[in-house]
S.K.: 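To start, I am sharing the structure in question, which I have written as structure tokens.
Bear in mind that the values here come from a model prediction, so they are computed numbers and not experimental data. Order of the sequence lines sets the chain letters (A, B, ...), proteins ahead of strands, with each chain counted from 1.
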Amino acid sequence: MTDRSGFFERRRGGFERAESLCGRAAGAFAVVGGIALAVLLGVTVAEVFWRYVLNDSLLWAEDLSTMSLAVVAAAAIAYGAREGSHVCVNLIARVAGRRVTRFTDALARLLAAAAAFAAACALFVHGSCGPSCGAVTPTVSISHTPFYYALGAALAAYAALLASQLLLGLATWNGEDPNEPAD
Amino acid sequence: MDGSGIALVGFLALLALLVIRVPVGLAMLIVGVAGIAAIRPGAVVPVLAGEGFAVASRYSLTILPLFMLMGNLAVISGMSHDLYHAAHSWLGRLRGSLASASIVACAGFSALSGSSLAAALTMGRVSLPEMRRYGYDDSLATGAIAAGGTLGFLIPPSAGLVIYGIITEQSIGRLFMAGLLPGLLLTLLFLLAVGIVVRRDPGKAPRAVRTPVPWRDRLVATARATWILGIVVVTIGGIYAGVFTAVEAAAVGALLTLVAAAARRALNRGAVTEVVRATLKASGTAFLVLFGAFVFKVFLGLTGIALVAAEWVGSQGFSGAQAVLLVLVVFIVLGTFLDGFAMLVLTVPLVQPILESLGVDMIWFGVMIVITIEMGLISPPVGLNIFVVKGVAPDVPIATMFRGIVPFWLAMIVALILVALLPGLATLLPNAMFGGGG
């Protein structure tokens, strides 16, 4: 592994920049997510106000709420990835040291990145059909396509972050992993 | 290989992925996709995309980010301090009053935040320095906060009950109501546990207040906590009275907490950014786990394992009570090393058909399972709340903390037994509000 780890070690700076770039993308998701959260709150409160105070209903409110929620969910998944908030079971670190976890972490990140990437691809492929497949909200026919894409982009960003962490883990093969999962 | 065999391989693969630290949501996604590909390859893309989008755009899940927003706004607005001081003004003369006030304040804060970690962290910051100032034993002080924090998983709006409701397709409003009385019961049992610990060893909790707190001071402290009490009454009371659905209560609660935070001049750019970040982080955890869980659930459905297991349980002549007891024991064991969300999403899809076939009330079972998960939050070796409190009190050894939670853990066992023997504790309010028993 020495030659190979040397190959990765020499490129550590590039991997760190890649990880930082993914982190910035997740930060952009957080901004969008914050706006969507405000919309979600505003629309739901407006719906309550219209129903109970004005005795009327906002037909578009539930459609807009669910699509805002999709954006919040997408942003939350991407931002949560950067902040390390996606839960994992951290038992192995209690029974094995870095000598073992560097192998298992590399495998885990590879599999996790592949899964996130596959999910992103599925969302882009399936979501592209849009209104012609009836993929619209029930009341005001908002197309699902951009929201499938938002979720797909979030998972793609997560996959990219995991890939950069995989490479960074290989680059620090003989030292401390900067992305060691927390307890 | 038949469906049951594929399911078994799937479970083993899932276990292996969890051991090597693949995030829980993605681990379930990997196994779910691989399993679906093995059984019905053409279904992979539609299931993967369809379930992901369905989870992200499910109207009932609007509750999660909105209640999390409400809890995070309550944290930055400093309302937790007021709640703690109000509780202490009433309990001040009792021995162990600071520990008891922490538990009562945790219960009150839980009714805003729905998160056990947020409750433990917030109350830990507020009450731990006080308890240490008065010479409380570290084990009692940290144990009370870690255990009090778990109430956030049971007292509505509980994130645990929301996730359970989504997975089992039970009414979230009904589950919230079901969690209320057991939540209050558990609060009382925790107070009793403090009382017993202090009676056995008074040195663990020196008296913090020697003279009674004047009524005027008590009323002033309670008045300061009116914001938080008012919001709880409007949201939870609104659901109970049938004025709001759970989603509407979440939105109204978040709005009121936002107004309260603004009125208390707690809203600035930094605080708002922190609130949004914390809300997104917590929501992201839940959404990814749910995404994986729903893909995994489709895989389990295709294998037919739940049906086979239900038939096997039926052929063995197990009663509903025996099956529930078995599931709870397994959950207590799993809780020692698995995250609460992970436990819910991994196991409930499998046990639900079995328990339903035995006539178990899934609302009552939801409360039982959430109490069991709460036990996991303070059980060694990975009790999450313990590690949260450790973050607030880094100089207290973990072993001391785990020693301190023993009386509270036993209180949870008592709560489980009481809810098992008196199911009405969980079903009375939802039945009174929604009618019927289903």
S.K.: May I ask you to name which of A:L69, A:V31, A:L40 has the most heavy-atom pairs under 4.5 Å with chain B?
M.R.: A:L69

S.K.: Could you tell me the separation between the OG atom of B:S283 and the CG atom of A:L37, rounded to the nearest 0.5 Å?
M.R.: 7.0 Å

S.K.: Could you pull out the closest heavy-atom pair between B:I231 and B:A260, with the gap in Å?
M.R.: CD1-CB, 4.3 Å

S.K.: What part of A:L151 gets closer than 4.5 Å to chain B, counting heavy atoms only: side chain, backbone, both or neither?
M.R.: side chain

S.K.: Considering only heavy atoms and a distance below 4.5 Å, find which of A:E83, A:R82, A:H86 pairs most often with chain B.
M.R.: A:H86

S.K.: Check whether B:R58 gets within reach of chain A through its side chain, its backbone, both or neither, counting any heavy atom under 4.5 Å.
M.R.: backbone

S.K.: Check side chain to side chain contact (heavy atoms under 4.5 Å, CB included) between B:T285 and all other residues, then give those that pass, not counting sequence neighbours.
M.R.: A:S85, A:V87, B:F341

S.K.: Out of A:G152, A:G80, A:A115, A:A108, which one racks up the most heavy-atom pairs below 4.5 Å with chain B?
M.R.: A:A108

S.K.: Determine the minimum heavy-atom distance between B:I172 and B:A246, stating which atoms define it.
M.R.: CG2-CB, 4.2 Å

S.K.: For B:F244, is it the side chain, the backbone, both, or neither that has a heavy atom closer than 4.5 Å to a heavy atom of chain A?
M.R.: both

S.K.: If we define contacts as heavy-atom pairs under 4.5 Å, which of A:R51, A:R109, A:M67, A:H144 has the most with chain B?
M.R.: A:H144

S.K.: Let me confirm one number: the CG-CZ distance from A:N174 to A:R99, rounded to the nearest 0.5 Å.
M.R.: 9.5 Å

S.K.: Go through B:V276, B:L48, B:L61 and name the one with the most non-hydrogen pairs under 4.5 angstrom from chain A.
M.R.: B:L48

S.K.: So what's closer than 4.5 Å to chain A heavy atoms on B:L17: side chain, backbone, both or neither?
M.R.: side chain

S.K.: Which bit of B:T279 comes within less than 4.5 Å of chain A, counting heavy atoms only: side chain, backbone, both or neither?
M.R.: side chain

S.K.: With a 4.5 angstrom heavy-atom cut-off, could you sort out which part of A:Y52 is near chain B: side chain, backbone, both or neither?
M.R.: side chain

S.K.: Please identify, among B:L66, B:L29, B:L258, the residue contributing the most non-hydrogen atom pairs under 4.5 Å to chain A.
M.R.: B:L66

S.K.: Side chain from CB out, backbone as N, CA, C, O: work out which of these in B:V289 comes under 4.5 Å of a heavy atom of chain A, or both, or neither.
M.R.: side chain

S.K.: Between B:F11 and B:F296, does the ring centroid distance fall short of 6.0 Å?
M.R.: yes

S.K.: Among B:L288, B:V45, B:V24, B:L69, which residue forms the greatest number of heavy-atom pairs with chain A at distances under 4.5 Å?
M.R.: B:L288

S.K.: Is a salt bridge present between A:D105 and B:R21, judged by a nitrogen-to-oxygen distance below 4.0 Å?
M.R.: yes

S.K.: Given that the side chain runs from C-beta out, which part of A:Y158 has a heavy atom under 4.5 Å from chain B: side chain, backbone, both or neither?
M.R.: side chain

S.K.: To the nearest 0.5 Å, tell me how far A:R98 CZ sits from A:T104 OG1.
M.R.: 9.0 Å

S.K.: Is it the case that the ring center of A:F124 lies less than 6.0 angstrom away from the ring center of A:Y149?
M.R.: yes

